[in-house]
Each structure stands twice: as C-alpha cells, then as structure tokens.
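A short write-up of the structure that comes next.
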Amino acid sequence: MPSTVSDARAVSVQSERQSPDMDPRPRKNNFLAKWAAEFWRPVAFVFALVLLWWLVTAQKWVAPFILPSPQDTLRALSENGTYLAQHTGVTTLETVLGFVIAILLGELVAVLMVYSRSLEKTMYPIILFAQVIPKIAIAPLFVVWLGFGLEPKIWVAVLMAFFPIVVSGMAGLRSVDPEILELTSTMGANPFKTFLKVRLPASLPQLFSGLKVAATLAVTGAVVGEFVGANEGLGYVILQANGNIDTAMLFAALIIMSLLGILLFAIIQIAEWFLVPWQASRRTGGASTNG
Amino acid sequence: MTALLHEKRVTTTQPVVTIENLNITYSTKRSRMTALDGINLNVEQGEFLSIAGPSGCGKSTLLKVVAGLTAATSGQAQLRGQQIKGPRRDIGYVFQRAALLEWRNVRGNILLQAEMRGMDKAKAARRADELIEMTGLGGFEKSFPHELSGGMQQRVSLCRALLHEPDVLLMDEPFGALDALTRERMNIELHRIWRETGTTVILVTHSVAEAVFLANRVVVMSARPGTILETLDVPLGSHRDYAATMEDPDFVRVSARVRELLGASHTAE
Ligand SMILES: Nc1ncnc2c1ncn2[C@@H]1O[C@H](COP(=O)(O)OP(=O)(O)OP(=O)(O)O)[C@@H](O)[C@H]1O
Ligand SMILES: [Mg+2]
C-alpha cells in the first residue's frame with residue numbers, strides 16, 4: 001500500500017539524519033557535481049557550434065562581412081573592451097531598472113486584481129490591450145514623451161516585462177489551497193497576515209516562472225528602446241556597427257546581449273533557490289528519496 | 001430508549017453545539033439545491049460524535065456550518081450558546097487532505113495556528129512540543145510536508161487543529177486518503193488523544209468501523225436532501241482496545257445497524 005511504503009521512507013529519513021540539525025539539502029561538492037551534470041550538454045553544444053562557425057569561416061564558404069570568423073569577433077571584443085563595457089553598462093542599467101520597476105508594478109497590480117474583482121474587470125482588458133500593441137511601435141512615442149535619455153528605454157523594458165509578471169503573479173496568488181484560506185479564517189487572522197504568511201509564499205513558484213520570462217524580455221525592451229533613438233547602449237553599438245558594415249562588432253554586441261540575458265536569468269534562478277527552496281527540493285530531493 | 005437517555009443528558013449539561021431545524025440551500029444560476037434539511041442535533045461537552053452518510057448528503061456542509069464557514073439558510077446553529085455568525089475561532093478543523101504549507105516544516109505548520117491568532121509564543125511552543133510528542137511526530141519537527149507520509153501529514157494537521165485547545169474539533173474524513181492499516185493505527189491514536197485531551201469531536205467518515213469504534217454516538221444521514229436518519233448510541237467504555245472492540249457484541253450490533261441504514265439510502269463506503 002502506498003502509505004505504508006512512504007511511512008517506511010519517512011522512518012529511513014529519520015535514521016539517516018542522526019544529528020538533529022543536519023541540513024536535508026544536498027551538500028556543496030554534491031552541488032557542483034549536480035551543476036556539471038546539468039550543464040555539460042549545453043556547454044558541449046555551444047562548443048560544437050563555435051567549432052562549426054570556425055570551420056565555415058576558415059574554409060571561406062561565406063564572405064567575412066556576412067559572417068565574421070570567431071577570431072575576428074573575439075578581436076572586436078578585446079580591442080574595443082572599454083567602448084563595449086561602457087555601452088554594456090548603460091544597457092544593463094536600463095534593463096535592471098526596468099525589470100525592478102516591472103516587478104514592483106506587476107506584483108502590486110496582481111495583488112490588487114486578485115483582491116478586487118471589480119478592479120480586475122477594469123484593469124485586465126487595459127493591460128491586455130497594452131500587451132498586444134507591438135512594443136517597437138510604442139518605443140518612438142516614449143522617445144517623444146521622455147526624450148533621448150535613459151527613461152524611454154527603461155519604460156520600454158518595463159512594458160515588455162510587466163505582463164508576464166502580472167499574469168504569473170495573479171496565477172500564483174490564486175493557486176492557494178482554498179481549504180487553507182478557510183482554515184486561516186477560523187484562526188481569526190487579519191487579511192494582511194494571511195497574505196504575508198500564506199498567499200504570498202504560495203504564489204512564489206509561479207511568480208518566479210514569470211520573472212524568468214520577464215528578465216529576458218527586459219533586455220529586449222532596453223535594446224528596442226535604444227534602436228529608436230540613443231547615443232549609447234548596446235542597441236546603439238549595433239546600429240553603428242551595422243552602418244559601418246562592421247559585422248565582427250555586431251556579433252560582439254550580440255554575444256554580450258545574450259550573456260546579459262543569461263546572467264539575469266541565472267540571478268533569478270539563484271534567487272528562486274533561496275526564496276522557494278521547497279520547490280527545488282521537491283523536484284530533486286523527491287526523486288532521489290524515491291529512487 | 002436512546003432518545004430518553006439523550007434527553008436526560010441534555011438536561012444535565014449545556015450542549016457545546018446546538019443545531020435546530022437547520023436548512024442549507026445552495027442557489028446556483030440554474031437551480032436551487034437543498035443540501036441539508038431539518039437537521040436537529042446537540043453535541044455534548046467532551047462527546048465524540050461520528051457522522052456517516054452517502055456521498056453528497058451534506059456532511060461537510062454541516063461541519064462548515066459549525067465552523068461558521070457556511071451560513072444557515074434557515075434554522076439555528078449555536079456554539080457554546082452563541083449564534084454562529086462568521087468563522088469561529090474556538091474550533092479546530094482537520095480536512096481530508098492535510099492542507100499543510102509546503103514551505104513550513106512540521107513545527108512551523110503547527111505554529112501557524114499560534115502566529116495567526118497572536119498567541120503567546122512560549123506557551124504555544126510548549127503546547128506544540130506536547131502535541132508533537134503525543135502524536136508520535138517526535139524527531140520530525142524539522143521535516144517538510146513532502147518528506148512525510150500521508151499519515152504523518154494528517155498528524156501534523158491534527159496538531160495544528162489542537163494547538164489552541166479548541167472547544168470543538170471538526171474532522172472531515174481525515175483518514176480517507178490512508179490505507180487500511182495506517183488508518184487503523186490513526187484510529188487508535190485518535191481515540192487515545194481524545195481521551196487525553198477531553199476535546200469534543202465531530203468526525204465525518206465513510207468507514208463504519210471508524211465511526212463506531214471512536215464515537216459515543218453515530219449520526220447516520222440520508223442522501224439528498226441530507227436529513228438525519230437515525231442517531232445511535234455506542235454503549236462502549238471510554239477506554240477502547242481496537243481488537244477487543246471489533247469483537248464486542250455492542251460494536252458488532254451498532255455497526256450492522258449503521259451499515260443497514262447506509263445500505264437503505266444506497267451507497268456505502
Ligand atoms: N459551495 C457550494 N455551492 C453549491 N453546491 C454545493 C456547495 N457545496 C456543496 N454543495 C452541494 O451540497 C451537497 C452536499 O455537499 P457536501 O460537500 O456537504 O457533501 P458531503 O456529504 O460532504 O459529501 P462527500 O461525502 O462526498 O464529501 C452536494 O450535493 C454538493 O454538490
Ligand atoms: Mg465531504
């Protein structure tokens with residue numbers, strides 16, 4: 001019977017944990033091994049791709065102004081180190097600020113809409129409408145309104161990242177077991193306490209999946225903003241390189257941009273491990289105790 | 001005769017729960033559905049009451065009325081002589097699914113009750129330790145729900161429901177998801193806990209053996225609309241051994257009658 005089996009499992013968990021304060025989560029070296037096990041495939045794939053890239057350019061199958069060689073791209077990266085670093089800094093700032101504002105606004109709107117049915121009915125259509133307008137079409141408007149500084153880029157990033165945060169935030173807040181809410185109402189808890197101790201933590205797993213999507217969109221938003229009108233940032237670098245038919249530089253900027261997206265994604269992932277440990281341990285730990 | 005005995009008890013002490021002519025009607029867009037019809041029920045201080053009945057007859061609804069989570073359409077429902085108007089703080093609730101917070105360990109889940117109520121921290125912690133000991137969860141205080149078996153999760157849920165020493169413990173098919181053996185063990189433990197705490201318990205169950213083994217009285221309900229078919233006294237002592245009780249002629253007789261009543265209103269376990 002399933003329950004007796006799991007009872008036995010729970011007993012074995014106890015015997016493994018002789019000292020009461022031992023952490024059930026995997027140890028450090030274990031952790032590194034897990035990373036290696038998880039990431040060797042994508043790393044090998046990227047390596048193979050670069051190799052193919054090198055082969056194609058070394059054999060001169062395509063012209064260098066169409067596809068620069070890996071070496072040329074690397075040279076563009078290293079020779080323009082400070083130039084690229086400066087513009088990367090600008091784009092990073094826009095992205096991060098846009099993302100943070102989107103999180104604050106998105107979560108606030110999600111909470112309001114979950115708690116008030118009439119607010120949801122009023123705001124949701126507007127938010128949906130704002131979402132379906134192509135952001136590239138809005139970006140010039142933001143430049144007209146906000147000028148050529150950082151603001152329009154930040155707000156395009158906000159606009160891009162906002163929607164997935166609202167949607168995942170709402171879904172998360174709604175995912176609470178209704179019986180738990182009934183239970184807290186018999187505990188005489190005020191709504192704020194229930195929100196803080198039950199609803200908000202219960203919403204985190206779903207919220208984080210939205211944040212991961214939003215993080216990558218925020219990078220896109222900032223660059224789209226720069227395309228429309230800027231004299232700094234990676235979007236600007238790309239436009240300049242394009243104008244000079246400097247494909248190596250263009251590739252360099254592209255690589256930095258994707259690294260920026262990956263970095264932001266990784267930060268969210270790490271934050272998730274810290275803030276939603278029960279989710280991670282259920283995924284990995286659950287499998288290992290059963291197997 | 002059972003009615004007579006019952007009357008006598010009512011006159012000596014004030015019942016904890018009093019339900020008179022209770023009617024619950026759910027109205028949906030298309031139809032109106034009477035879930036409970038003309039329910040009269042008293043539950044005495046310290047009593048263990050089991051409720052059995054076919055699926056959908058309104059057992060959960062009845063518990064929710066006592067908890068103040070569902071309002072009476074008509075009739076009276078009182079807890080400790082007070083009209084039940086909104087969610088009641090003086091009850092403990094155990095659901096079929098343990099309904100634990102997965103980000104809190106065993107202790108944290110039990111203490112949620114204390115935090116929400118703003119109970120004295122030290123006192124609540126001491127009480128939690130007692131309950132953990134009493135329910136055999138010792139050594140698992142720091143385990144998270146996904147590391148526990150179904151039976152252990154239900155014990156945590158029970159501890160949480162008992163932490164604030166409620167006047168009435170409401171249990172809605174708490175062991176329905178457990179296998180037969182674990183369920184038996186939980187029955188024995190619940191019986192002991194009931195004896196040790198002296199709490200008034202209302203238990204909804206689909207298991208006849210569980211209903212009779214644990215209870216002072218068993219209420220058998222009919223299918224929609226839910227009415228009380230019969231209330232049976234269980235004339236067994238307050239200290240019951242599981243194996244011996246299963247063979248006890250009174251147990252066998254009452255169980256047979258409950259089965260008969262349930263069979264008559266179709267659907268059994
Ligand atoms: N919120 C609700 N809205 C409308 N109808 C409801 C609602 N809650 C319960 N009902 C109906 O009331 C009836 C009684 O439901 P209840 O959950 O109390 O039954 P139950 O005896 O606990 O059944 P089970 O043994 O299957 O748990 C059912 O027919 C159900 O469909
Ligand atoms: Mg039910």
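Reminder, nothing fancy here: chain letters follow the sequence lines and each chain counts from 1. Hydrogens, waters and symmetry mates are skipped; everything else that's a heavy atom, side chains included, is used.
- Looking at B:Leu112, both its backbone and its side chain come within 4.5 Å of chain A, counting heavy atoms on both sides.
- Closest of all the heavy-atom pairs between A:Ile180 and B:Leu100 is CD1-O, 3.8 Å.
- For a residue to count as touching a neighbouring chain, one of its non-hydrogen atoms must lie under 4.5 Å from one of that chain's; by this rule B:Glu141 does not touch chain A.
- Atom-to-atom distance recorded for B:Tyr93:OH and A:Glu179:CD is 8.0 Å, nearest 0.5 angstrom.
- At a heavy-atom separation below 4.5 angstrom, chain B is approached by no residue within residues 98-124 of chain A.
- Side chains of B:Met116 and A:Val198 form a contact here, defined as non-hydrogen atoms less than 4.5 Å apart.
- Distance NZ/B:Lys64 to OG1/A:Thr186: 11.5 Å, rounded to 0.5 Å.
- At a 4.5 Å heavy-atom cutoff, A:Val176 makes no contact with chain B through either its backbone or its side chain.
- In terms of heavy-atom pairs under 4.5 Å with chain B, the best-connected choice from A:Gly188, A:Pro201, A:Ser185 is A:Pro201.
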Inset, instruction - Step by step, work out the side-chain contact (heavy atoms from CB on, under 4.5 Å) result for B:Phe95 and A:Glu182. - result: CA-CA 10 Å; B:Phe95 295 100; A:Glu182 286 187 330; 3.7 Å; yes

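- Heavy-atom distances place both the backbone and the side chain of B:Arg89 under 4.5 Å from chain A.
- The two atoms that bring B:Ala99 and A:Asp177 nearest to each other are CB-OD2, 3.9 Å, heavy atoms only.
- Atom CD of B:Glu130 sits in a crowded spot, with more than 12 heavy atoms from other residues, nucleotides or ligands closer than 6.0 Å.
- Here the side chain of A:Lys193 pairs no donor or acceptor atom with the backbone of B:Arg117 at under 3.5 angstrom.
- With a 4.5 angstrom heavy-atom cutoff, B:Arg160 touches chain A only via side-chain atoms.
- Nearest heavy-atom pair across A:Lys197 and B:Trp103 is O-CZ2, 3.4 Å.
- By the 6.0 Å contact criterion, CZ on A:Phe39 is enclosed, its count of non-hydrogen atoms from other residues, nucleotides or ligands being greater than 12.
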